[in-house]
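Remarks on the structure that follows.
Source: prediction; values computed, not measured. Remember, it's 1-based here, ligands and their atoms both numbered in the order they're listed. All values below were derived from every heavy atom in this structure, side-chain atoms included, with hydrogens, water molecules and symmetry-related copies excluded.
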Amino acid sequence: MADISVIGAGSWGTALAALLYKNGHRVTVWSILQEEIDMLEKEHEHKDKLPGVKLPEDMVFTADLKGAVKGKDILVLAVPSPFTRSTANRMKEYVAEGQIIVNVAKGIEEKSLLTLSQIVEEEIPQAKVAVLSGPSHAEEVGRGLPTTIVVGAKDKETAEYLQNIFMNEVFRVYISPDVLGIELGGALKNVVALAAGIADGLGYGDNTKAALITRGITEIARLGIAMGGHFETFCGLTGIGDLIVTCASMHSRNRRAGILIGKGYSMEEAMKEVKMVVEGVYSAKAALALAQKYQVQIPIIEQVNAVLFDGKEAGAAVKELMIRDKKLENSDLAFDQFIS
Ligand SMILES: NC(=O)c1ccc[n+]([C@@H]2O[C@H](COP(=O)([O-])OP(=O)(O)OC[C@H]3O[C@@H](n4cnc5c(N)ncnc54)[C@H](O)[C@@H]3O)[C@@H](O)[C@H]2O)c1
C-alpha cells in the first residue's frame, strides 16, 4: 500500500483518487479551492465534476498543501494545464529529493512551449517526474469501465512501480520510456478534437471525422517526431488511441467547444458555455509556434488557430484544407520506390 496525494480535485483527480483507493492505497485529495474541499468532506462525492462516483469516508480532503505533499510516496498532479506551473511552484518547498510526481494533465505552455512534465521538472528539480496518459475519460473510469493507459517515465523502475500502483482489472497500464511523445500526443489531440467538434457543428459526417482523425495524427506525429518523440508512441494509446476517443466522445470538452464554434459561436462564447478549461485552445497556439520552430506543416492545426484567434469562418477553413496543393498521402512512399 502506498500513501498517495492527488493534487487537484477536478473530474480526473477525483476519478483517479477513487481508483487508487480501490487499489488499496491511502489517498489524500488536495484542492486550492476551500469550498471544494468543504463540499467533498460533506458529500463524499464531487457533484459538479464527477456526479455518481462515491468517495469513501476515510479518504482525506484538504486545502493544506504542505500536509498533502510532505512524506507522501506519490503525488498525482491533476490540475488543469494552465495551473500546472503555479501549483508546482507552490508545491516545490515541500517536495523531497526523489519524491515521485505523476503528471496526469495534458497541455503545452504557450509562453515557454514546454510540456507539463518539463514545467514540473523546471519548478521542482528535486522531484522524479512521470506521466500518465491515454484514452481515459473520467466519467468512464469513475464508473469502472475498462480502459488502457500508459505510464511514461525516464527509468524503468519508476515506470514499473507506478504500473503496479495504478493497474487493476479495469485499468490496464502499459509503460513507456517516451515521456515526450506521450505528452505531445496528449496535448495536441485536444487541438484536433476542436477541429472534429467544429466539423460536427458544421453538420459534416463520419467520413469527415475519420479524415480529421487520420490526417490529425499525421500532423501530431510529424511535429512530435521533429521534437524528439517516437513514431511508435503516436501509433499507440497516448497518440491515436487518445485522439480517437477525444474526437468521438461527448465527454470531451474540446470537442463540445468545437461543436459550438462550428455552429457559429465565438471561441469566448464557446468556452463560457462549456464552463470548463478548454485546453486545446491553449495548446493550439503553442503547436503553431512549435511547428514554426521545427519547420513542419500542420495544416489542420493552422486552420484551428485561424478560426479560434483570427475570426475565420469555420466553413472557409475546411474549404481551404480541401483545396490545398495536391499531395502524396505519405511522402515516405514515393512512386519511384515501387517497381512494378
Ligand atoms: N477529465 C478527464 O476525463 C481527463 C482524463 C485524462 C486527463 N485529463 C487531464 O487532467 C487535467 C485535469 O482535468 P479535469 O477534467 O480534472 O479538469 P477540471 O476542469 O475538472 O479541473 C478543475 C479543478 O482544478 C482545480 N483548480 C481550479 N483552479 C485552480 C487553480 N487556480 N490552481 C490549481 N488548481 C485549480 C480545482 O480542484 C478544480 O475542481 C487536464 O489537463 C485534463 O486534460 C482529464
(request) Ignoring hydrogens and angles, tell me if any N or O in the side chain of N23 forms a donor-acceptor pair with the backbone of I165 under 3.5 Å. (result) yes
(message) What protein heavy atom lies closest to atom 12 (C) of ligand 1? Include the residue and the distance to one decimal.
(response) A78 O, 3.4 Å
(message) If the cut-off is 4.0 Å to any non-hydrogen atom of I32, which atoms of ligand 1 fall inside it?
(response) 29 (C), 30 (C), 32 (N), 33 (C), 34 (N), 35 (C)
(request) Do me a favour and list the nearest non-hydrogen protein atom to atom 9 (C) of ligand 1 with residue, atom name and distance? (result) V104 O, 3.6 Å
(message) For atom 30 (C) of ligand 1, what's the nearest protein heavy-atom neighbour? Residue, atom name and distance, please.
(response) F83 CG, 3.5 Å
(request) Please state whether the rings of H44 and F61 are parallel, tilted or perpendicular, taking 30° and 60° as the class boundaries. (result) perpendicular
(request) Ignoring hydrogens and angles, tell me if any N or O in the side chain of T28 forms a donor-acceptor pair with the backbone of V60 under 3.5 Å. (result) no
(message) Closer than 3.5 angstrom, by distance alone: can the side chain of T147 be matched with the main-chain N or O of P135 as a donor-acceptor pair?
(response) yes
(message) Under a 4.0 angstrom heavy-atom cut-off, which atoms of ligand 1 come close to S136?
(response) 3 (O), 5 (C), 6 (C)
(request) Return yes when P80 approaches ligand 1 closer than 4.0 angstrom through a heavy atom, no otherwise. (result) yes
(request) Answer yes or no: does an N/O atom from S11 fall short of 3.5 Å to an N/O atom of ligand 1? (result) yes
(request) Starting at CD1 of I4, measure out to CD1 of I74 and round the result to the nearest 0.5 Å. (result) 4.5 Å
(request) Considering the heavy atoms of A9, write down every atom of ligand 1 situated less than 4.0 Å from one of them. (result) 37 (O), 39 (O)
(message) Check for me whether K285 meets the cation-pi criterion with F309, that is, NZ or CZ under 6.0 Å from the six-membered ring centre and within 45 degrees of the ring axis.
(response) yes
(request) Specify the protein heavy atom at minimum distance from atom 10 (O) of ligand 1: its residue, its atom name, and the distance to 0.1 Å. (result) W12 CD1, 3.4 Å
(request) List the steps and the verdict of side chain to side chain donor-acceptor pair (under 3.5 Å) for Q34 and D38. (result) CA-CA 6 Å; Q34 183 63 54; D38 295 343; 2.9 Å; yes
(message) Suppose we measure from atom 37 (O) of ligand 1 to each protein heavy atom; which comes out shortest, and what is that distance?
(response) E36 OE1, 2.6 Å
(request) Using a strict cut-off of 4.0 Å, indicate which atoms of ligand 1 neighbour a heavy atom of A138. (result) 1 (N), 2 (C), 3 (O)
(request) Select one of side chain, backbone, both or neither to describe which atoms of A15 lie under 4.0 Å from any atom of ligand 1, heavy atoms only. (result) neither
(request) Give a yes/no on ligand 1: does R253 have at least one heavy atom closer than 4.0 angstrom to it? (result) yes
(message) Looking at F83, I'd like to know if the NZ or CZ of R85 sits under 6.0 Å from its six-membered ring centre while staying within 45 degrees of the ring's axis.
(response) no
(message) Can you give me the closest heavy-atom contact between G229 and F234, atom names plus distance?
(response) C-CE1, 3.9 Å
(request) Without swapping roles, check the side chain of R172 against the backbone of M167 for a donor-acceptor pair under 3.5 Å. (result) no
(message) Using modelled atom types and a 3.5 Å cut-off, is there a donor and acceptor pairing between side-chain atoms of Q297 and backbone atoms of P299?
(response) no
(message) Taking only non-hydrogen atoms of V277, do any sit less than 4.0 angstrom from ligand 1?
(response) no
(request) Answer with side chain, backbone, both or neither: which part of T14 has a heavy atom less than 4.0 angstrom from an atom of ligand 1? (result) neither
(request) Determine whether any heavy atom of S86 lies closer than 4.0 Å to an atom of ligand 1. (result) no
(request) If you have a sec, work out which protein heavy atom is nearest atom 33 (C) of ligand 1 and how many Å separate them, to one decimal? (result) T87 OG1, 3.5 Å
(request) Inspect the contact between K312 and E320 and indicate whether a charged nitrogen and a carboxylate oxygen are less than 4.0 angstrom apart. (result) yes
(message) Within the 4.0 Å heavy-atom shell around K106, which atoms of ligand 1 are there?
(response) 6 (C), 7 (C), 41 (O), 43 (O)
(message) Heavy-atom contact check, 4.0 Å cutoff: does E279 meet ligand 1?
(response) yes
(request) Report, in ascending order of atom number, the atoms of ligand 1 lying under 4.0 Å from any heavy atom of V79. (result) 33 (C), 34 (N)
(message) To check you understand the geometry: which heavy-atom pair defines the closest contact between E43 and K47, and what is its length?
(response) OE1-NZ, 3.0 Å
(request) Enumerate the atoms of ligand 1 whose separation from the nearest heavy atom of H137 is less than 4.0 angstrom. (result) 3 (O)
(request) Tell me which part of S31 gets within contact of ligand 1: side chain, backbone, both or neither, using heavy atoms under 4.0 Å. (result) side chain
